[in-house]
Each structure stands twice: as C-alpha cells, then as structure tokens.
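Everything below concerns the one structure shown next.
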Amino acid sequence: MRLPINIEELLGGRAVEGDRIEYKTGWNPDAIYRTICAFANDFDETGGGYIVVGVAEENGHAIRPVVGIDSDKIEPIEKDMVGYNNLMRPYYQPRLFIEEVDGKTILVIKVSPGERRPYKVPDQITAKQKTYNYYIRYNSSSIVPKDEYERELINLANRTPFDDRGNDQITLKDISPLLLHDYLVKVKSSLTDIPLTENMEAVLEQMDLLEPVPEGWRIKNVAAMMFAERPDRFFRQAQVDIVLFPEGREKNPNNLIEVEPIRGSVPMMIEKTLSYLRTNVIKKQIVKPKDDAHSDKFYNYPYQALEEAVVNSLYHRDWTIREPVEITIEPNRISILNFSGPNHTIPMEAIREGKSLRSRRYRNRRLGEFLKELGLTEGRATGIPTIQEELKANGSPQAVIETDEERSYFLIDIPCHDAFVADKVVLNADFIKDFIKDFVKENRTQLSERQESILLMLADDDTLTSEKISQKTGVSQRTILKDLNWLQSIGVLVREGGRKEGTWQIQRSIETH
C-alpha cells in the first residue's frame with residue numbers, strides 16, 4: 001500500500017499542520033494507540049492525522065536523518081496491530097504504510113476520522129487489566145476529555161461532515177483520471193505511476209475516498225468535488241457567478257454584465273475564477289515620488305487577498321445549499337458571497353472585527369485537506385488575517401465581513417485602493433496592442449482582427465456606437481453588435497451609462513506575477 005501524499009512533504013510539515021502529526025522514535029503501542037484513538041475521534045474535525053514511527057522530533061519538527069525501524073520488526077508490528085485494532089471500541093483500523101527515508105525504513109500510520117465515533121481505547125493497550133477511555137487531541141497531545149468536552153465528543157456520534165460522506169450517485173466513471181493524475185503529480189504522490197483507468201477503485205481506496213457499506217462501497221462527496229469535471233451534477237449550483245456593475249449596484253442596478261458561470265472541480269473553479277480576476281479586474285499603478293529614486297507600486301486589489309477570499313468561499317461553503325458562490329464587482333469594491341455562514345462557535349464580535357475566525361468545527365475538513373496539499377490554503381483560521389495583511393501592505397482599506405445571527409451566509413467586501421476608485425485613464429493604441437497580446441496569452445482566447453480593430457477604435461473614441469463602428473469598418477451592424485456582446489461577455493468591454501448617452505470602457509488588465 002502506498003502513501004497518498006509525498007513523504008518528504010509530510011516530514012517537512014508542508015502538507016499537514018503540525019498538530020496533526022506525531023513522531024515516535026520507536027514502536028510504543030500504548031502511546032501510539034492513544035493517539036490513534038484521538039485522531040479517529042477527530043474532535044475538532046480537522047481530518048485525523050499521521051503517526052510517524054522511526055523519526056525523532058524536536059519542537060514538533062522531524063529530525064533528519066531519521067532513526068528508522070529495524071526491518072525485521074515490521075512484520076511482528078503488523079501482526080500486533082491486528083490484535084490492537086480489535087481492542088478499540090468500536091473496532092477501528094488505521095492504515096499502515098512502509099516508507100524508505102534517508103536510507104532507513106519508517107512506518108507511517110494514517111488515521112482518518114472514524115465513521116463510528118466516539119472511540120475508546122485501553123489506556124495501556126498491552127496491559128492485561130485494561131481501563132478504557134475516550135481520547136481527543138488538545139494542541140499536540142492526546143488527552144482524556146472531561147466534562148463538557150466528553151459530552152461534546154459523545155454528541156458527535158454518527159455525525160460525519162458532508163464532504164466525507166458516501167454518495168450513491170457518484171460512480172467510478174464520474175471521476176476524471178486526468179484530474180486525479182494531475183493532483184497526484186502536484187502533491188508528488190507515489191501513486192502517480194499507477195494506471196488509473198484500470199486501478200481507479202484501488203487508488204480511491206488508498207486515498208480514503210471510498211465509504212464501506214454492506215453492499216461494498218460508495219464514493220465520497222469530496223472525490224467528486226476534487227476530481228469530477230462536473231460536480232454540479234451532484235451538488236446543484238456548484239458554481240461561481242460573477243456579475244459586474246460598472247456604475248455600482250446602487251447607482252445603476254440595471255447596468256450589469258453577467259459573466260458565464262464558472263463550473264468544474266473545486267481546483268478548476270478556483271483557477272478559472274482567479275484567472276478572470278487577474279486578467280480583467282486587477283490593475284497596477286506605479287508612482288514615482290519626487291526626489292526619490294524608488295517607485296511605489298500598488299494594485300487596485302492585491303491578488304493574494306482575492307486568492308484567499310475565493311478559495312475560502314469554496315472551501316467553507318455549504319455544499320448542500322443550492323446557491324452559487326456570488327462575486328460582485330463594483331467600481332469601489334469586490335464582494336464575495338457564499339452560503340452558509342461561519343458556525344456559532346465563532347463570536348459575532350470576531351466576525352465584525354474581521355480578524356482570525358478560528359472555528360471548533362470545520363464544515364469540509366477533507367476538502368480543506370486536499371486544498372492544503374495543493375498549496376491553495378495555508379491551514380486553519382489563516383484566511384481572514386492573510387486578506388487583511390495583504391490589503392494593509394497594499395495601502396488599501398481593510399475588508400469588511402458580514403453575516404446574520406442565523407449564520408446563513410458569509411459576505412466579504414474587499415475595498416478597492418483609493419487611487420483607483422475614480423480612475424479614468426486614456427488608453428492609447430500601444431496599450432491596447434499590449435493588452436490584446438497579454439489577454440490572448442492568459443486566456444488562450446484568440447481575438448479576430450475585426451475585434452482588435454474595434455478595441456482600437458473605442459480606445460480612441462469611447463462614444464462610438466455600433467452603427468458608427470459599422471460605417472467605419474464596412475461590416476454589418478448586426479455583426480458588430482455580436483462582437484461587442486462577446487467582448488462584454490469575456491470582460492474586455494464594459495458599457496457605462498445608457499445605450500444612447502453611455503461610453504465603452506476597456507477593462508485594463510495587468511499581469512500580477
């Protein structure tokens with residue numbers, strides 16, 4: 001059996017948070033099974049954890065080179081674990097992986113959240129007289145829960161997060177081998193060399209993406225979220241809707257542009273949404289102060305802040321609610337809305353202040369685990385602080401967060417940098433040519449010569465109507481209207497004002513990386 005994630009990423013602490021990894025220099029079944037029980041109970045719903053045997057640690061970090069385990073002891077350990085698993089109440093079986101690191105053999109025990117929690121285990125699993133207790137993780141330790149913690153643990157019985165549940169509607173054919181292989185390559189998994197078309201079931205089983213049921217197994221929801229090309233077939237409105245209000249929603253709600261809904265797996269939706277924002281929304285300004293050799297560079301919206309907000313909106317959304325993630329773009333802000341809101345373990349005061357929103361319950365723990373392995377999210381409670389820090393570094397106002405008492409929605413308003421709110425810049429022919437070149441490269445969307453000519457005309461005179469453009473080009477007005485509508489749909493053009501009195505605004509795009 002192969003470890004789904006890269007062992008070096010695991011030991012380096014880059015794939016999993018430190019409190020979800022426990023290092024053991026040698027095989028100590030009493031301590032190890034207390035930790036197995038705690039990870040299986042997954043009290044904070046963070047996705048279980050890993051126990052690495054044969055590795056010493058210092059301040060929570062693996063010491064290299066590793067100590068290793070005598071290879072002659074591995075088979076006896078495997079046999080002992082069969083008996084120890086039977087002593088857990090109810091029965092629980094962790095996954096054991098044998099890895100080679102620094103020329104030594106180590107053991108990795110992967111403990112997924114148990115489907116029959118809460119679990120008990122003997123305090124000393126090797127003792128003849130056994131005293132059973134529940135165990136949970138508290139920071140980086142496995143402890144016996146007391147009082148309200150024990151009651152809360154018992155209340156978790158049979159409560160599995162939606163993303164970790166099996167789904168009868170999802171079949172092996174719905175899982176894209178290309179998307180799954182791409183993920184395995186990115187996380188440097190040892191599973192990459194297994195042909196997925198013939199071994200899809202085995203790979204999903206090793207990745208803990210199958211839920212055992214009496215008739216066999218069911219594919220878990222998170223597998224479709226991550227590796228199905230159209231997860232919206234199983235989760236209605238699993239998409240991102242982008243709407244632009246060139247004059248602002250309040251000033252002119254009838255002047256709006258709706259972008260084609262963004263669908264696909266969660267990583268695909270994140271990538272496509274950020275690509276649209278990077279290409280069509282983000283702008284850069286460079287100011288050179290007098291008597292200073294250095295220049296000040298800032299953006300209307302810092303990319304990292306938008307990235308964090310978009311990822312969080314898909315990570316923390318309630319996938320049982322049939323509403324899309326909505327992104328509204330106005331002259332002075334970008335608003336990102338998802339359903340439902342932060343859970344009630346987060347104080348309303350912390351939400352209003354827009355600080356760290358640390359939750360005791362994470363709605364989509366497995367989805368978050370996958371996104372972290374891809375480097376799309378940094379871990380727990382880091383999203384809002386990252387957004388605020390990036391805005392502060394950019395010289396922008398702080399983001400504002402809103403929800404209701406029922407926590408039915410989560411809305412974050414990311415303000416535009418003050419220097420861009422009333423920004424009106426004359427676009428010359430050279431800028432438009434560079435813009436077209438960058439746009440084609442970024443979006444792999446080719447503009448026709450006629451469409452490029454239209455943009456050049458509008459850069460020179462933004463009051464031109466479709467009729468005047470038709471007269472200048474000798475092309476029918478109907479064809480020009482089609483071109484203008486298409487350029488609007490992809491976010492290149494925005495109509496400000498009415499049909500008769502309005503003007504055409506070209507959305508300047510500047511590379512952020």
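Atom set for the values below is all heavy atoms of this structure, side chains included, hydrogens, waters and symmetry mates excluded.
- More than 12 heavy atoms of other residues, nucleotides or ligands lie within 6.0 Å of CZ in Arg165, so this atom counts as buried by the packing criterion.
- Side chain of Asn312 to main chain of His316: no donor-acceptor pair is present (N/O by atom type, distance under 3.5 Å, no hydrogens or angles).
- Residues passing the salt bridge (Lys or Arg N to Asp or Glu O under 4.0 Å) test with Lys468: none are found, sequence neighbours excluded.
- A heavy-atom distance below 4.5 Å is found between the side chains of Tyr409 and Glu402.
- Under the 3.5 Å distance criterion, the side-chain polar atoms of Ser470 are matched with a main-chain donor or acceptor of Val475.
- Within the 4.5 Å cutoff, side-chain heavy atoms of Ile480 are placed close to those of Thr473.
- When side chains are defined from C-beta on, Pro161 does not count as touching Arg363, because their heavy atoms never get closer than 4.5 Å.
- Considering only heavy atoms from C-beta on, Leu244 stays 4.5 Å or farther from Leu256 through its side chain.
- Although no hydrogens or angles enter the test, the distance criterion places no donor-acceptor pair under 3.5 Å between the side chain of Glu9 and the main chain of Asn6.
- Ionic pairing of Arg233 and Asp174 is present here: one or more N-O contacts between side-chain nitrogen and carboxylate oxygen are shorter than 4.0 angstrom.
- Atom CD1 of Ile136 is separated from atom CG of Asn41 by 8.5 Å, given to the nearest 0.5 angstrom.
- Here the closest heavy-atom approach between residue Asn221 and residue Phe162 is recorded as ND2-O, 2.8 Å.
- Checking side-chain atoms of Ser313 against main-chain N and O of Val310 turns up a donor-acceptor pair under 3.5 Å.
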Pair Glu307-Arg278, salt bridge (charged side-chain N to carboxylate O under 4.0 Å, His left out): steps then yes or no
CA-CA 10 Å; Glu307 179 182 41; Arg278 184 171 56 242; over 6 Å; no
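- With sequence neighbours excluded, no residue forms a salt bridge (Lys or Arg N to Asp or Glu O under 4.0 Å) with Asp241.
- Across every non-hydrogen atom of Val281 and Ile334, the tightest pair is CG1-CD1, 3.8 Å.
- Other residues, nucleotides and ligands place no more than 12 heavy atoms under 6.0 Å from the CD atom of Glu250.
- Other residues, nucleotides and ligands contribute only 12 or fewer heavy atoms inside 6.0 Å of the CD atom of Glu229.
- Contact check for Phe370 versus Phe227: side-chain heavy atoms found under the 4.5 Å cut-off.
- Listed by chain and number, the residues in a side chain to side chain contact (heavy atoms under 4.5 Å, CB included) with Ser408 are Asp404 (sequence neighbours excluded).
- Each of Ile242, Leu337, Val240 was compared with Glu326 under the side-chain contact (heavy atoms from CB on, under 4.5 Å) criterion, and only Leu337 meets it.
- The CG atom of Asp483 sits 10.0 Å away from the OG atom of Ser453 when rounded to the nearest 0.5 Å.
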Kindly indicate, with the supporting measurements, whether the criterion side-chain contact (heavy atoms from CB on, under 4.5 Å) is fulfilled by Leu455 and Leu487.
CA-CA 9 Å; Leu455 291 177; Leu487 290 169; 4.1 Å; yes
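- Salt-bridge annotation for Glu330 and Arg333: present, with a side-chain N of the basic residue lying under 4.0 Å from a carboxylate O of the acidic one.
- Here the side chain of Asp44 pairs no donor or acceptor atom with the backbone of Thr46 at under 3.5 angstrom.
- Environment of CZ in Arg450: crowded, with over 12 heavy atoms of neighbouring residues, nucleotides or ligands closer than 6.0 Å.
- In this structure, CD on Gln304 lies 10.5 Å from CG on Leu391, to the nearest 0.5 angstrom.
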Decide yes or no on salt bridge (charged side-chain N to carboxylate O under 4.0 Å, His left out) for Glu369 and Arg20, but give the supporting numbers first.
CA-CA 11 Å; Glu369 186 178 332; Arg20 294 182 55 221; 3.6 Å; yes
Evaluation steps, side-chain contact (heavy atoms from CB on, under 4.5 Å), between Val222 and Asn364
CA-CA 9 Å; Val222 70; Asn364 301 303; over 6 Å; no
Check step by step if side-chain hydrogen bond (donor to acceptor under 3.5 Å, both in side chains) holds for Gln239 and Arg263.
CA-CA 5 Å; Gln239 64 190 51; Arg263 300 186 179 95; 3.1 Å; yes
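- Residues forming a side chain to side chain contact (heavy atoms under 4.5 Å, CB included) with Glu389 (at least two apart in sequence, or on another chain): Pro385.
- By the 4.5 Å heavy-atom criterion applied to side chains, Leu204 and Leu180 are counted as neighbours.
- Nearest heavy-atom pair, Phe43 versus Leu153, reported as atom, atom and distance to 0.1 Å: CE1-N, 3.7 Å.
- Among all heavy-atom pairs drawn from Phe234 and Ala224, the shortest one is CD1-CB, 4.0 Å.
- Residue Asp42 holds its CG atom at 10.0 Å from OG1 of Thr160, rounded to the nearest 0.5 Å.
- Contact record, Thr192 with Val185: CG2-N, 3.5 Å, taken as the closest heavy-atom pair.
- Counted within 6.0 Å of CD on Glu271, heavy atoms from surrounding residues, nucleotides or ligands total 12 or fewer; the atom is thus considered open.
- For the pair Leu210/Arg218, no side-chain contact is recorded, criterion being any heavy-atom separation below 4.5 Å from C-beta on.
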Is there a side-chain hydrogen bond (donor to acceptor under 3.5 Å, both in side chains) between Arg495 and Thr503 once you walk through the steps?
CA-CA 6 Å; Arg495 184 71 177 176; Thr503 60; over 6 Å; no
Test side-chain contact (heavy atoms from CB on, under 4.5 Å) on Val243 and Ile327 and set out the steps.
CA-CA 6 Å; Val243 182; Ile327 300 180; over 6 Å; no
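- Within a 6.0 Å radius of CD in Glu215, more than 12 heavy atoms belonging to other residues, nucleotides or ligands are found.
- Of the inter-residue distances, the one linking Asp232 atom CG with Met269 atom CE reads 8.0 Å to the nearest 0.5 angstrom.
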Please determine whether side-chain hydrogen bond (donor to acceptor under 3.5 Å, both in side chains) holds for the pair Glu201 and Trp217, giving the CA-CA distance in whole Å, both sets of side-chain angles, and the decisive distance to 0.1 Å.
CA-CA 10 Å; Glu201 179 182 339; Trp217 48 260; 2.9 Å; yes
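- Asp164 is linked by a salt bridge (Lys or Arg N to Asp or Glu O under 4.0 Å) to Lys220, Arg365, Arg366, counting only residues two or more places apart in sequence or in another chain.
- Checking side-chain atoms of Thr279 against main-chain N and O of Ser275 turns up a donor-acceptor pair under 3.5 Å.
- Checked against side chain to side chain contact (heavy atoms under 4.5 Å, CB included), Asn394 has the following partners two or more places apart in sequence or in another chain: Phe298, Tyr299, Pro302, Ser396, His417.
- In terms of heavy atoms, Asn338 sits closest to Arg317 at ND2-CA, 3.8 Å.
- Put simply, the side chain of Leu458 reaches to within 4.5 Å of the side chain of Trp504, judged on heavy atoms.
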What's the verdict on side-chain contact (heavy atoms from CB on, under 4.5 Å) for Met207 and Leu184, showing C-alpha distance, side-chain angles and the deciding distance?
CA-CA 10 Å; Met207 295 176 69; Leu184 294 172; 4.1 Å; yes
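- For the atom pair Glu467 CD and Lys472 NZ, the distance stands at 13.0 Å (nearest 0.5 Å).
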